[in-house]
Amino acid sequence: MSTEVKGTIKEIRPTQVVSEKYKKREFILTTEEKYPQDVLFQLSQDNCDLVNIFKDGDKVVLAYNLRGKGWINPQGETKYFNTLEVWKMNYQDETIKQVKEESDLIF
């Protein structure tokens, strides 16, 4: 399931190396809607670097997939976890991106 959301980056967290084969990076986005929500999103593997060009306060558009997983705890109960896995990020205003890219050029 893929969907899109607009919002403002509230906090970008450092990359976490979970195992030799898996790394993830989380960030919080404040959504743009009548009742804004602070939502935790995740990037994994090579996508961890997608957030490097952004900073807290940037207005972005995200494309993400909703992921779910079940787990049986030691008491035999099945617990479920959800992850919002981001696969694409862009500035809401493309002119900001162009200005930042131009300012990063080395002459």
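Tyr91 and Met89 fall within the same hydrophobic cluster, defined by Ile, Leu, Val, Met, Phe, Trp and Tyr side-chain heavy atoms under 4.5 Å apart, directly or through other members. Val86 and Ile53 fall within the same hydrophobic cluster, defined by Ile, Leu, Val, Met, Phe, Trp and Tyr side-chain heavy atoms under 4.5 Å apart, directly or through other members.
Among residues two or more places apart in sequence or in another chain, the side-chain contact (heavy atoms from CB on, under 4.5 Å) test is passed with Glu32 by Lys6, Thr8, Lys59, Gln92. By the side-chain contact (heavy atoms from CB on, under 4.5 Å) test, Glu33 pairs with Thr31, Gln37, sequence neighbours left out. Qualifying side-chain contact (heavy atoms from CB on, under 4.5 Å) partners for Lys79, counting only residues two or more places apart in sequence or in other chains: Trp71, Asn73, Glu77, Phe81. Residues that satisfy the side-chain hydrogen bond (donor to acceptor under 3.5 Å, both in side chains) test with Asn82, not counting sequence neighbours, are absent from this structure. Qualifying side-chain contact (heavy atoms from CB on, under 4.5 Å) partners for Ile28, counting only residues two or more places apart in sequence or in other chains: Lys10, Glu11, Arg13, Asp38, Leu40. In this structure, the side-chain hydrogen bond (donor to acceptor under 3.5 Å, both in side chains) partners of Tyr22, at least two apart in sequence or on a different chain, are Gln42.
Here Leu66 contributes atom CG and Thr83 contributes atom OG1; the two are 8.5 Å apart, rounded to the nearest 0.5 Å. To the nearest 0.5 Å, atoms CZ (Phe27) and CG (Leu84) are separated by 9.5 Å. Interatomic distance, Leu29 CG to Phe54 CZ, rounded to the nearest 0.5 Å: 11.0 Å. Taken to the nearest 0.5 Å, the CD1 atom of Ile12 stands 5.5 Å off from the CG atom of Asp56. The distance from the CG atom of Asn65 to the NZ atom of Lys88 is 12.5 Å, given to the nearest 0.5 Å. Atom CG of Leu62 sits about 10.0 Å away from atom CG of Leu50, to the nearest 0.5 Å.
Distance alone, capped at 3.5 Å, is enough to place a donor-acceptor pair between the Glu85 side chain and the Ser44 backbone.
When all heavy atoms are compared, the tightest approach of Ile9 to Lys55 is CB-O, 3.9 Å.
By the 6.0 Å contact criterion, CD on Glu20 is open, its count of non-hydrogen atoms from other residues, nucleotides or ligands being 12 or less.
Counting only heavy atoms from C-beta outward, the side chains of Val18 and Lys23 never approach each other to under 4.5 Å.
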### Task
Take Gln16 and Glu26 through the side chain to side chain contact (heavy atoms under 4.5 Å, CB included) test and state the conclusion after the steps.
CA-CA 9 Å; Gln16 301 169 28; Glu26 298 174 332; 3.7 Å; yes

